[in-house]
Amino acid sequence: DHSSQRSCCFTKGYFHYVQGTGSVLQTSSEDRESVFREFRCEREKEKSGGGLPDSCSLSKLSLRYFSPREVANLMCFPPDFDFPDDTTLRQRFRLLGNSLNVLVVTKLLEHLFHESQ
């Protein structure tokens, strides 16, 4: 759904923890709202003693994490930016999660220095 504009910031716990650490990408064309309604029904059934469903309805959304390169792109890092080869996936996400958007910082600094002159 290209109309979705919801996102979360990427924290240093991205990819390590699921909730509250950053956005995920939906790679299917399934209607998100109907899948969430189905998921809520599954959860209620589970809570009332109906057992776990054979498969979770959320899998229909084909959700995935962003790659470190995709996060760097979203943070406006230059295309030739790369990590040293010995940097682990976890370290890459921790470093990116502690960074600031390069374009935003550039604009803020330009504004700050322009206003002070």
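These numbers come from a predicted model, not from an experiment. Note: hydrogens, waters and symmetry copies are ignored here, and every other heavy atom, side chains too, is used.
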Distance col, row E30:CD vs S59:OG, nearest 0.5 angstrom, shows 9.0 Å
Those residues at least two apart in sequence (or on a different chain) that pass ring-ring contact (aromatic ring centres under 6.0 Å, His included) with F66 are F10
Report the C-alpha separation of L25 and Y65 in whole Å, then their side-chain angles, then the decisive distance to 0.1 Å, and conclude whether the side-chain contact (heavy atoms from CB on, under 4.5 Å) test is met. CA-CA 6 Å; L25 183 64; Y65 286 103; over 6 Å; no
The remaining residues in the hydrophobic cluster of V104, counting side-chain heavy-atom contacts under 4.5 Å among Ile, Leu, Val, Met, Phe, Trp and Tyr, are L108
So salt bridge (charged side-chain N to carboxylate O under 4.0 Å, His left out) across residues 63-87, not counting sequence neighbours, yields R64-E70
Distance col, row L63:CG vs R32:CZ, nearest 0.5 angstrom, shows 9.5 Å
Here the pair of heavy atoms bringing R92 nearest to P84 is NH2-O, 3.4 Å
The side-chain contact (heavy atoms from CB on, under 4.5 Å) partners of R37 (sequence neighbours excluded) come to D31, E33, S34, R40
Here the gap from K107 atom NZ to L109 atom CG, rounded to the nearest 0.5 Å, amounts to 11.5 Å
Applying side-chain hydrogen bond (donor to acceptor under 3.5 Å, both in side chains) to T88 and not counting sequence neighbours gives Q91
Checklist line | Backbone N/O of K60 and side chain of S28: donor-acceptor pair under 3.5 Å | finding: yes
Taken in chain and number order and not counting sequence neighbours, the residues that satisfy ring-ring contact (aromatic ring centres under 6.0 Å, His included) with F81 are F77, F83
The reported gap from CD in E44 to CZ in F39 (rounded to nearest 0.5 angstrom) is 10.5 Å
side-chain contact (heavy atoms from CB on, under 4.5 Å) filter on C76, not counting sequence neighbours, yields N101, V102, L103
